[in-house]
Novice: 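Here it is, the structure in full.
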Amino acid sequence: MSINEFMCDCNIIHQDIVEETLKKMPHQNLFNKLAEFFKIIGDPTRTKILFALDQNEMCVCDIANVLNMTKSSISHQLATLRKSGIVKCRREGKEVYYTLDDEHIKQVFEIAIEHIEHKEEQEKDNETKNK
């Protein structure tokens, strides 16, 4: 498969499609925030934290134990996630418990995992067929 297979070889502009897309195009600030969101959740340690919090509400000690990391490093990552509105916390006495911020974060995270697992399954199927 050559790279040219994926390049458009025509000079036709589908004006109706272009105009429809431009009408729906959000402002630049939304794209900046979206890119920042994915950059923040793109860190492997933070994705592990998000996975843990997708399973249960947890305190820093619990997360540190699950990830085999220091409380200090977990707290640092949680601060980044909290400032970005990806996780939230609640205090109960001396303990602070963390959860995913809302159902949207939960859905984005779970759909991403589902997509990756689906693609891995497809790759395995293709490998089996090609043997």
Side-chain angles (χ1 to χ4, degrees):
M1 197 177 320
S2 81
I3 195 160
N4 289 334
E5 285 184 55
F6 302 108
M7 294 182 65
C8 189
D9 204 21
C10 68
N11 292 318
I12 299 169
I13 295 175
H14 302 91
Q15 197 62 36
D16 54 336
I17 294 171
V18 170
E19 288 174 11
E20 178 186 343
T21 303
L22 285 171
K23 285 179 188 173
K24 294 177 180 178
M25 189 72 67
H27 50 84
Q28 183 62 40
N29 192 40
L30 185 129
F31 290 114
N32 294 343
K33 289 179 178 181
L34 185 61
E36 184 65 23
F37 172 82
F38 283 113
K39 186 170 111 180
I40 289 168
I41 65 171
D43 176 86
T45 298
R46 290 193 281 264
T47 56
K48 288 178 187 176
I49 292 170
L50 294 177
F51 181 84
L53 295 177
D54 190 38
Q55 307 308 305
N56 292 293
E57 178 182 62
M58 301 175 94
C59 72
V60 174
C61 297
D62 295 335
I63 299 168
N65 192 274
V66 168
L67 272 56
N68 195 27
M69 295 176 66
T70 65
K71 291 189 302 184
S72 175
S73 59
I74 296 298
S75 292
H76 173 75
Q77 298 297 341
L78 285 168
T80 300
L81 291 166
R82 198 175 65 249
K83 278 189 274 181
S84 301
I86 296 171
V87 302
K88 63 183 177 183
C89 61
R90 68 174 182 85
R91 180 174 288 281
E92 190 175 293
K94 291 183 177 185
E95 296 177 280
V96 178
Y97 291 93
Y98 289 85
T99 59
L100 299 179
D101 186 68
D102 62 18
E103 195 60 32
H104 297 112
I105 298 296
K106 185 174 181 60
Q107 289 174 352
V108 166
F109 188 73
E110 289 175 357
I111 288 170
I113 288 174
E114 186 179 322
H115 172 71
I116 292 164
E117 290 174 341
H118 172 76
K119 286 295 189 182
E120 287 176 345
E121 198 60 39
Q122 282 182 328
E123 288 173 12
K124 285 179 190 174
D125 290 347
N126 287 339
E127 289 173 10
T128 303
K129 289 177 187 175
N130 291 331
K131 285 186 178 181

Novice: When rounded to the nearest 0.5 angstrom, what distance separates CD in Glu123 from NE2 in His118?
Specialist: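 That separation rounds to 10.5 Å.
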Novice: Report the C-alpha distance between Arg46 and Ile41 in whole Å, list the side-chain angles of each, state the deciding distance to 0.1 Å, and finish with yes or no for side chain to side chain contact (heavy atoms under 4.5 Å, CB included).
Specialist: CA-CA 6 Å; Arg46 290 193 281 264; Ile41 65 171; over 6 Å; no
Novice: Do Asp54 and Leu100 have side chains that get closer than 4.5 Å, going by heavy atoms?
Specialist: yes
Novice: Check the hydrophobic clustering (I, L, V, M, F, W, Y; side-chain heavy atoms under 4.5 Å; chains of links allowed) and say if Met58 and Val96 are grouped together.
Specialist: yes
Novice: Nearest 0.5 Å please: distance from the NZ atom of Lys48 over to the CG atom of Asp43.
Specialist: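 Atom-to-atom, Lys48:NZ and Asp43:CG are 9.5 Å apart.
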Novice: Hydrophobic cluster membership, with links at side-chain heavy-atom distances under 4.5 Å among I/L/V/M/F/W/Y: are Ile40 and Phe109 in one?
Specialist: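 Yes, because Ile40 and Phe109 connect within a single hydrophobic cluster, where side-chain heavy atoms sit under 4.5 Å apart.
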Novice: Assess whether side chain to side chain contact (heavy atoms under 4.5 Å, CB included) is satisfied between Met25 and Thr21, documenting all intermediate values.
Specialist: CA-CA 6 Å; Met25 189 72 67; Thr21 303; 4.2 Å; yes
Novice: Do Tyr97 and Met69 share a hydrophobic cluster, counting only Ile, Leu, Val, Met, Phe, Trp and Tyr and linking them when any side-chain heavy atoms are less than 4.5 Å apart?
Specialist: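 Tyr97 and Met69: separate clusters.
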Novice: Do you reckon Phe51 sits in the same ILVMFWY cluster as Ile111, going by side-chain contacts under 4.5 Å, direct or chained?
Specialist: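 Phe51 does not cluster with Ile111.
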Novice: Test side chain to side chain contact (heavy atoms under 4.5 Å, CB included) on Arg90 and Glu57; report intermediate values, then the result.
Specialist: CA-CA 10 Å; Arg90 68 174 182 85; Glu57 178 182 62; 2.8 Å; yes
Novice: Would you name the heavy atoms of Leu53 and Tyr98 that are closest together and state the gap between them?
Specialist: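 Shortest heavy-atom separation between Leu53 and Tyr98 comes out as CD2-O, 3.3 Å.
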Novice: Can you name the closest pair of heavy atoms from Arg91 and Lys94 and give their distance?
Specialist: NH1-O, 3.7 Å
Novice: Please check if the number of heavy atoms outside Leu22 that lie under 6.0 Å from its CG is greater than 12.
Specialist: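 Count over threshold, so yes.
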Novice: Could you grab the distance from atom OG of Ser73 to atom CD1 of Ile63, nearest 0.5 Å is fine?
Specialist: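 So the OG of Ser73 and the CD1 of Ile63 are separated by 10.5 Å.
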Novice: Only pairs at least two apart or in different chains count here, so list each salt bridge (charged side-chain N to carboxylate O under 4.0 Å, His left out) that has a residue in residues 107-120.
Specialist: Lys106-Glu110
Novice: Please determine whether a side-chain nitrogen of the Lys or Arg among Lys39 and Glu36 lies less than 4.0 Å from a carboxylate oxygen of the Asp or Glu.
Specialist: yes
Novice: Taking the side chain as everything from C-beta on, heavy atoms only, tell me whether Phe37 gets closer than 4.5 Å to Ser84.
Specialist: no
Novice: In Å and rounded to the nearest 0.5 Å, what is the CD to CG distance from Gln77 to Leu67?
Specialist: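 Output value for this atom pair is 10.0 Å.
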Novice: Which value, rounded to the nearest 0.5 Å, describes the distance between Leu78 atom CG and Ile86 atom CD1?
Specialist: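 Those atoms lie 11.0 Å apart.
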Novice: Without swapping roles, check the side chain of Asp102 against the backbone of Ile105 for a donor-acceptor pair under 3.5 Å.
Specialist: yes
Novice: Using side chain to side chain contact (heavy atoms under 4.5 Å, CB included), reason through Leu50 and Val87 one step at a time and then give a plain yes or no.
Specialist: CA-CA 8 Å; Leu50 294 177; Val87 302; 3.9 Å; yes
Novice: Hey, could you give me the CD/SG distance between Glu95 and Cys61, rounded to the nearest 0.5 Å?
Specialist: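 Between Glu95 CD and Cys61 SG, I get 7.5 Å after rounding to 0.5 Å.
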